[in-house]
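Side chains included, hydrogens not; waters and symmetry mates left out as well; all remaining heavy atoms used.
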Amino acid sequence: MSQDINNTATASKTRRVIKNLRWYVLVLFLLGVTVNYITRNSLGILAPELKESLGITTEQYSWIVGAFQIAYTIFQPLCGWLIDVIGLKIGFMVCASLWALMCIFHAGAGSWLHLAILRFFMGASEAAATPANAKTIGEWFPKSERPVAAGWAGVGFSIGAMLAPPIIYFAHASFGWQGAFMFTGVLALLWVILWWAFYYNPEQHPNLGKDELAFIKQDNEPPAVKLPFLTALKTVSKNKRFYGIAIPAFMAEPAWAVLSFWVPLYLAKEHGMDLKQIAMFAWLPFLAADLGSVASGYLTRLYTRLFGCSRVNSVVASSVTGAFLMISLGIVAITRDPYITIVLISIGGFGHQIISCMLSALVVESFDKGQMATVNGMRGSAAWIASFLFSLLIGVTADKIGFNPLFIAMGFFDLIGAVFLVAFIAERRAKRA
């Protein structure tokens, strides 16, 4: 009997070590965020048919979108704090289970108000994605790799939106709009099972080697301090660097809201596209956003090598680069060619994801592990306040003045945000004696 116990113990100690396990963990997280965005963007893709089938006006649709956005805004700090306190594995799993069920329940919606209620609860649970992003990077990567890891993690936020149009189109063709919501909700539940089975903290992961654990822990960061919710919010709000991240996030998010929720309607209204044509083209801005996510981290290395920027300044410079690319959205207002429009919106998607990924990188660069998820949740709240207000503005004005003035505004919002980023975050060179 004792021999069997010894054999079992020996086997557990010699479980297979997976090299570069941190990158596999990042892929697992990326899959979750991908599913998150497929479920989230299902509404935008199906919006033209939902408006017709349920008799929804553009203003009512803006309230459906707004319900999701206001919940996402309110619950990001709370979800971030929850993840900081109870841990990434359980916290993210609970939230993912809830958003999967809410998506499935969309199939039973019979009115715009019913959809708005479901979107509110879906937004509240999906709010965990942004703080979980910072927590995953902070737990699994040393500081030297975090900008690149943030770039790759950002792929999940856009690849899901990229995959949503074709997936929703084929699910809709096979099962109708109700079945499309159910299909994407089941995808989310399948990912929950994967997360529960394969995610562990670095200290507890059975397949993580000692050398890689030492590499992850090389910065000797102090252990995470768990604070009460209100205390955590108060502590973060006193830090000037938080506003250097939150204000640019506020200025950047309206463009992403338009890509996620309004571009399909814009293409249908301004360019006469049907659902099939939307499915053919609406994913391209998100493909560009994927490329922007990946490029963002490597862009920081380019600025470091070419200009000798510090790690923080290289991240700031990358974000400012993305802000200048956003001017392409303003040019949308002066073209009537639908293909040029898609290209310009795609450039905007590329630029936005550079900004978004670099803001996440600044969170993990500027705050300790016990605050990362909370801070990123607060950053997300600042972003989604702008998203919510801008969507309501679109709902009230789009039928009257069209989309062009709104695209012009989005083309310059991020340059304003870049000013605050440089003022509050960028490191100044020491003055010569």
Side-chain angles (χ1 to χ4, degrees), residues 28-56 60-61 63-69 71-72 75 79 92-129 132 156-197 260-265 268 274-280 282-283 286:
L28 177 62
F29 174 77
L30 186 151
L31 286 174
V33 177
T34 297
V35 173
N36 178 292
Y37 264 78
I38 291 173
T39 56
R40 179 183 310 189
N41 283 28
S42 56
L43 177 73
I45 303 302
L46 295 169
E49 178 170 343
L50 289 173
K51 287 185 66 180
E52 183 177 344
S53 298
L54 302 181
I56 299 172
Q60 289 170 338
Y61 177 73
W63 282 106
I64 296 170
V65 172
F68 180 96
Q69 292 169 323
Y72 206 91
F75 281 89
C79 289
F92 200 31
M93 184 193 72
V94 169
C95 292
S97 300
L98 289 174
W99 88 56
L101 292 174
M102 290 302 105
C103 187
I104 291 172
F105 292 161
H106 277 50
S111 68
W112 77 268
L113 184 59
H114 193 177
L115 275 175
I117 294 170
L118 289 169
R119 293 301 285 186
F120 180 87
F121 287 105
M122 189 173 179
S125 52
E126 289 203 354
F157 289 86
S158 48
I159 198 171
M162 181 190 77
L163 294 175
I167 288 176
I168 298 302
Y169 172 74
F170 287 112
H172 172 270
S174 301
F175 314 115
W177 67 263
Q178 295 94 338
F181 281 123
M182 295 182 69
F183 179 78
T184 54
V186 170
L187 282 181
L189 287 177
L190 292 175
W191 178 82
V192 169
I193 296 172
L194 291 177
W195 182 258
W196 173 252
S260 298
F261 300 114
W262 292 98
V263 162
L265 275 181
D274 59 23
L275 183 60
K276 183 177 181 180
Q277 291 171 316
I278 291 171
M280 288 175 63
W283 60 273
F286 298 106

Novice: Say you draw a straight line from CD1 of Ile104 to NE2 of His106; how long is it, rounded to the nearest 0.5 Å?
Specialist: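 Here the rounded value is 11.0 Å.
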Novice: Locate the shortest heavy-atom distance separating Ala107 from Met182; write the atom from each residue and the value.
Specialist: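 Answer, listing the atom of Ala107 first, then Met182: CB-CG, 3.5 Å.
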Novice: Would you say the side chain of Phe68 lies within less than 4.5 Å of the side chain of Glu126, judging by non-hydrogen atoms?
Specialist: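 The answer is yes; the side chains approach within 4.5 Å.
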Novice: Going through the checks in order, is the side-chain contact (heavy atoms from CB on, under 4.5 Å) test met by Val33 and Tyr37?
Specialist: CA-CA 6 Å; Val33 177; Tyr37 264 78; 4.2 Å; yes
Novice: One pair to check against side-chain contact (heavy atoms from CB on, under 4.5 Å): Ile167 and Phe183. What are the steps and the verdict?
Specialist: CA-CA 9 Å; Ile167 288 176; Phe183 179 78; 3.9 Å; yes
Novice: Is it true that a side-chain atom of Arg119 and a backbone atom of Met102 form a donor plus acceptor pair closer than 3.5 Å?
Specialist: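 No, because the side chain of Arg119 does not come within donor-acceptor range (under 3.5 Å) of the backbone of Met102.
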Novice: About how many Å separate CG of Leu43 and OG1 of Thr184, when rounded to the nearest 0.5 Å?
Specialist: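 The CG atom of Leu43 is 10.5 Å from OG1 of Thr184, to the nearest 0.5 Å.
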Novice: Over all heavy atoms of both residues, which pair between Ser97 and Leu189 is shortest? Give the atoms and the distance, please.
Specialist: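 Closest heavy-atom pair between Ser97 and Leu189: O-CD2, 4.3 Å.
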Novice: With a 6.0 Å cut-off on the ring centroids, do Phe29 and Phe92 count as close?
Specialist: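 Phe29 vs Phe92: aromatic centres under 6.0 Å.
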Novice: Considering non-hydrogen atoms only, spot the tightest contact between Ser42 and Cys103 and give its length.
Specialist: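 Result for this residue pair: OG-SG, 4.4 Å.
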Novice: For Ser125 and Met122, indicate whether the former's side chain and the latter's backbone hold a donor-acceptor pair under 3.5 Å.
Specialist: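 The answer is yes, because a donor-acceptor pair under 3.5 Å joins these two groups.
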Novice: Between Leu115 and Leu54, is there a side-chain heavy-atom distance shorter than 4.5 Å?
Specialist: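 Answer yes - side chains close enough.
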Novice: Looking at CD of Glu49 and CD1 of Ile56, how far apart are the two atoms once the value is rounded to the nearest 0.5 Å?
Specialist: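 Reported value, rounded in 0.5 Å steps: 11.0 Å.
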Novice: Do other residues, nucleotides or ligands put more than 12 heavy atoms under 6.0 Å from Trp112 CH2?
Specialist: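 Count over threshold, so yes.
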Novice: State, to 0.1 Å, how close Gly123 and Tyr72 come at their nearest heavy-atom pair, and which atoms those are.
Specialist: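 That would be O-CD1, 3.5 Å.
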Novice: Looking only at heavy atoms, what is the nearest atom pair of Ala188 and Val35, with distance?
Specialist: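 That would be CA-CG1, 3.2 Å.
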Novice: With a 3.5 Å distance limit and no angle check, can you tell me whether Thr39 reaches the backbone of Asn36 through a side-chain donor-acceptor pair?
Specialist: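 Looks like yes, one N/O pair under 3.5 Å.
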Novice: Please step through side-chain contact (heavy atoms from CB on, under 4.5 Å) for the pair Phe121 and Leu98, ending with a clear verdict.
Specialist: CA-CA 8 Å; Phe121 287 105; Leu98 289 174; over 6 Å; no
Novice: In Å, rounded to the nearest 0.5 Å, how long is the span from CH2 of Trp195 to CE of Met93?
Specialist: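 Answer for the CH2-CE pair, Trp195 versus Met93, is 11.0 Å.
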Novice: Begin with the C-alpha distance, continue with both residues' side-chain angles, and end with the deciding distance and a verdict on side-chain contact (heavy atoms from CB on, under 4.5 Å) for His114 and Leu118.
Specialist: CA-CA 6 Å; His114 193 177; Leu118 289 169; 3.9 Å; yes
Novice: Mind checking the CG-CG spacing from Leu187 to Leu31? Nearest 0.5 Å is all I need.
Specialist: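 Between Leu187 CG and Leu31 CG, I get 11.0 Å after rounding to 0.5 Å.
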Novice: Parallel, tilted or perpendicular, judged at 30° and 60°: which one describes the rings of Phe181 and Trp177?
Specialist: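 Perpendicular.
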Novice: Minimum heavy-atom separation for Ala171 to Ala180, with atom names?
Specialist: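 Where Ala171 meets Ala180 most closely, the heavy atoms are CB-CA, 3.8 Å.
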Novice: Does any non-hydrogen side-chain atom of Asn41 lie less than 4.5 Å from one of Phe286?
Specialist: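 The answer is yes, as the side chains (C-beta and beyond) meet within the 4.5 Å cut-off.
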